**Student:** 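Mind looking over this structure? Questions follow.
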Protein chains: 2
Amino acid sequence: MGSNRKQETSEKLMIAAIDLMSEKGYNGVTTEEIARTAGYSEKTLFRHFQSKQKLLEAAFEKYHYGEEMRNLFHQHLQWDLQEDLLMVCNTYHKIMQQNRKMILIAMKDGEHLPGFREATHKHPEQLKAFLTDYFEKMLQKKKIIKVDPEKMAIAFLYMNYGAALGRIHNDPSFTTVYLEDFIKESVFLFTRGLTP
Amino acid sequence: MGSNRKQETSEKLMIAAIDLMSEKGYNGVTTEEIARTAGYSEKTLFRHFQSKQKLLEAAFEKYHYGEEMRNLFHQHLQWDLQEDLLMVCNTYHKIMQQNRKMILIAMKDGEHLPGFREATHKHPEQLKAFLTDYFEKMLQKKKIIKVDPEKMAIAFLYMNYGAALGRIHNDPSFTTVYLEDFIKESVFLFTRGLTP
DNA sequence: AAAGGGTGTCAGTACTTACTGACTTTTTGG
DNA sequence: CCAAAAAGTCAGTAAGTACTGACACCCTTT
């Protein structure tokens with residue numbers, strides 16, 4: 001398999017690009033530095049990807065896990081507030097953790113990743129719609145008190161979004177408090193706040 | 001006052017630097033571009049600040065509002081959960097909004113702003129300690145149920161942190177839902193979830 | 001009118017960096 | 001062992017960019 005080796009090189013280059021760009025940003029890193037980090041010469045980088053921009057785009061295509069967000073929607077809802085919220089939390093944080101370097105790049109250099117700017121808006125929007133719908137149905141089932149479902153969805157998601165970003169940025173809060181404990185406590189709070 | 005004009009020029013240059021760097025990052029903008037945006041020649045920029053780096057540092061010193069976080073600690077607590085949480089939210093979001101461009105720069109180019117990296121960890125840590133302390137005292141007063149005060153503080157702050165970042169990034173959620181409404185609803189939820 | 005502070009212009013330096021071409025060397029599979 | 005594929009070397013280009021120096025031009029104040 002001649003193409004096996006070629007692919008391996010490409011992957012190493014893309015991973016080096018992601019690592020370095022997530023730290024220093026697109027403009028903060030040179031093609032030379034990326035290639036050396038991956039263990040190759042700069043020339044090889046340009047032979048595989050024609051430009052720095054295309055390298056990033058290829059890396060994004062290969063190493064972003066946008067689709068997995070959809071899995072969440074297909075998970076089985078138990079219509080038990082605590083259980084369902086826990087499931088949403090766990091799935092969400094797993095995806096955020098997988099994508100953390102990409103998220104950093106997108107925050108630093110959104111302009112260079114048109115696809116990502118879109119994704120960072122689209123996916124949370126879908127998630128918000130999903131949760132809003134869930135709260136509405138729970139309201140119909142009289143399993144939660146009368147609240148604005150959309151605002152509750154936003155509050156819940158932002159809490160997890162904030163926590164995920166904190167973890168990505170190595171917030172010292174997560175050195176003493178573990179994510180799982182945090183999730184349990186916060187879901188408990190939401191459950192108690194919403195249960196009739 | 002000859003120095004009045006000088007100061008005015010410096011301010012315009014610093015503001016242009018903040019505007020552009022918050023969009024494109026430190027390395028994404030040139031000194032020429034900054035000067036032109038401010039309405040001056042590149043030479044003037046270097047006459048006022050000796051280097052690009054020093055320009056950013058001066059801008060940071062002048063236009064960051066770190067001290068205001070301390071005001072929060074001196075505000076009068078009413079020992080009424082809902083009222084106090086509302087006060088914390090409002091103060092927090094006000095500060096985050098004032099600092100939004102600085103926050104964007106810090107996220108994109110933390111390496112160029114050693115002072116900010118520190119601030120983005122120190123201030124939230126103080127805030128967390130403040131809120132944890134508050135919850136502990138409310139617990140002693142038997143005004144809230146038995147929960148882990150630290151985790152509650154983290155949950156509350158992350159919710160607001162996430163919301164503040166969403167607003168900074170023009171999250172479409174805030175085109176339909178206003179911040180104030182969101183704050184009210186989320187504080188209501190926390191209050192109901194914590195009140196005995 | 002004179003002086004001085006602030007700014008513009010312009011040419012130029014020194015350095016970096018994305019990217020190329022020609023050629024050689026190494027690695028791999030048949 | 002041979003041929004092709006992949007990687008390295010090296011020299012170089014073109015463009016960008018932070019930053020400087022010399023000089024001229026306002027504008028304000030006295």
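All figures in this text were calculated on a predicted structure; none of them were measured in a lab. First the proteins, then the strands, lettered A, B, ... as listed; each starts at 1.
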**Student:** Taking the six-membered ring of B/Trp79 (Phe, Tyr or Trp), confirm whether the NZ or CZ of B/Lys137 is under 6.0 Å from its centre and within 45° of its axis.
**Tutor:** no

**Student:** Nearest nucleotide by nearest heavy atom, which residue falls closer to the 5' end of DNA chain D, B/Val29 or A/Glu42?
**Tutor:** A/Glu42

**Student:** Could you state the CG-C1' distance from B/Leu13 to C/dG8, rounded to the nearest angstrom?
**Tutor:** 14 Å

**Student:** Hey, does A/Thr44 reach any base, or is it just sugar-phosphate, or nothing, if we go heavy atoms under 4.0 Å?
**Tutor:** sugar-phosphate

**Student:** Checking contacts here: which listed nucleotide (D/dA6, D/dA18, D/dA7) is nearest the side-chain heavy atoms of A/Thr9?
**Tutor:** D/dA7

**Student:** Tell me if the side-chain of B/Arg47 makes a donor-acceptor pair with the base of C/dG5, cut-off 3.5 Å, by modelled atom types.
**Tutor:** no

**Student:** Between A/His48 and D/dA7, is there a side-chain N or O to OP1/OP2 distance below 4.0 Å?
**Tutor:** yes

**Student:** Would you mind reading off the bend of the helix from C/dA1-D/dT30 to C/dG30-D/dC1 from its two end axes, five pairs each, to 10 degrees?
**Tutor:** 20°

**Student:** Does B/Lys43 make a side-chain donor-acceptor contact with the base of D/dG21, cut-off 3.5 Å?
**Tutor:** yes

**Student:** Ignoring the backbone of A/Ser41, work out which of C/dG6, C/dG8, D/dT9 is nearest its side chain.
**Tutor:** D/dT9

**Student:** What is the distance from CZ of A/Phe46 to P of D/dG12, rounded to the nearest Å?
**Tutor:** 19 Å

**Student:** Using the six-membered ring wherever Trp is involved, compare the ring planes of B/Phe182 and B/Phe174 and label them parallel, tilted or perpendicular (cut-offs 30° and 60°).
**Tutor:** perpendicular

**Student:** Report the residues that fulfil side chain to side chain donor-acceptor pair (under 3.5 Å) with B/Glu57, sequence neighbours left out, ordered by chain and then residue number.
**Tutor:** B/Gln53

**Student:** Rounding to a whole Å, what distance do you find between B/Lys12:NZ and C/dT7:C1'?
**Tutor:** 13 Å

**Student:** To the nearest Å, give me how far apart CD (B/Glu32) and P (C/dT9) are.
**Tutor:** 10 Å

**Student:** I'd like to know whether CD of B/Glu180 has more than 12 heavy-atom contacts from other residues, nucleotides or ligands below 6.0 angstrom.
**Tutor:** no

**Student:** Between B/His64 and B/Phe60, what is the ring plane arrangement, given parallel below 30°, perpendicular above 60°, and tilted in between?
**Tutor:** parallel

**Student:** Mind calculating the distance between CG (A/Asn27) and P (D/dA15) to the nearest angstrom?
**Tutor:** 19 Å

**Student:** Does B/Lys184, at its NZ atom, have more than 12 non-hydrogen atoms belonging to other residues, nucleotides or ligands within less than 6.0 Å?
**Tutor:** no

**Student:** In terms of side-chain heavy atoms of A/Tyr40, which of C/dC19, C/dA18, D/dG8 is nearest?
**Tutor:** D/dG8

**Student:** Name the nucleic acid region contacted by A/Thr30, choosing base, sugar-phosphate or nothing; use a 4.0 angstrom heavy-atom cut-off, strictly under.
**Tutor:** sugar-phosphate

**Student:** Any chance the side chains of A/Tyr26 and B/Asn27 put a donor and an acceptor closer than 3.5 Å?
**Tutor:** no

